[in-house]
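Side-chain atoms are counted along with the backbone in the values below, which use heavy atoms only and exclude waters and symmetry mates. Computed from a prediction, not measured in an experiment: that's the story for all the values here.
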Amino acid sequence: GALAGTVRDGQGGVLPGVTVTATSGTTAPRTAVTNEQGTYSLTGLPPGTYGVAFELAGFSTQKRDEVMVQV
């Protein structure tokens, strides 16, 4: 499975350099960093439920729980 998306600020602007970390109780954490267009992609994830954290200096960390990844 995979997780992919675009990270934006409160005004809708894209955010490059955001560290995106997906964690699950069954696998090691997987990390990606958003590119200049604010997009990220985490591929090769085993199916399951993940917590996803978005971190960038100067911004509060945002977390999403129970993100489902399917094949």
Can you check whether [X] reaches [Y] side chain to side chain, under 4.5 Å on heavy atoms?
{"X": "Y40", "Y": "F54", "answer": "yes"}
{"X": "T49", "Y": "M68", "answer": "yes"}
{"X": "T34", "Y": "V20", "answer": "yes"}
{"X": "V69", "Y": "L3", "answer": "yes"}
{"X": "Y50", "Y": "L45", "answer": "yes"}

(message) I need the full list of side chain to side chain donor-acceptor pair (under 3.5 Å) pairs touching residues 57-71, with sequence neighbours left out, sorted by first then second residue.
(response) S60-Q62

(request) For a side chain to side chain contact (heavy atoms under 4.5 Å, CB included) with V7, tell me which candidate from V14, L15, L56, T39 qualifies. (result) L15

(request) Identify, with sequence neighbours excluded, every residue that meets side chain to side chain contact (heavy atoms under 4.5 Å, CB included) alongside V33. (result) T19

(message) Rounded at 0.5 Å granularity, tell me how far CD in Q37 sits from OG1 in T6.
(response) 9.0 Å

(request) Kindly give the heavy-atom pair with the smallest separation between S41 and A32, and that separation in Å. (result) O-CB, 3.8 Å

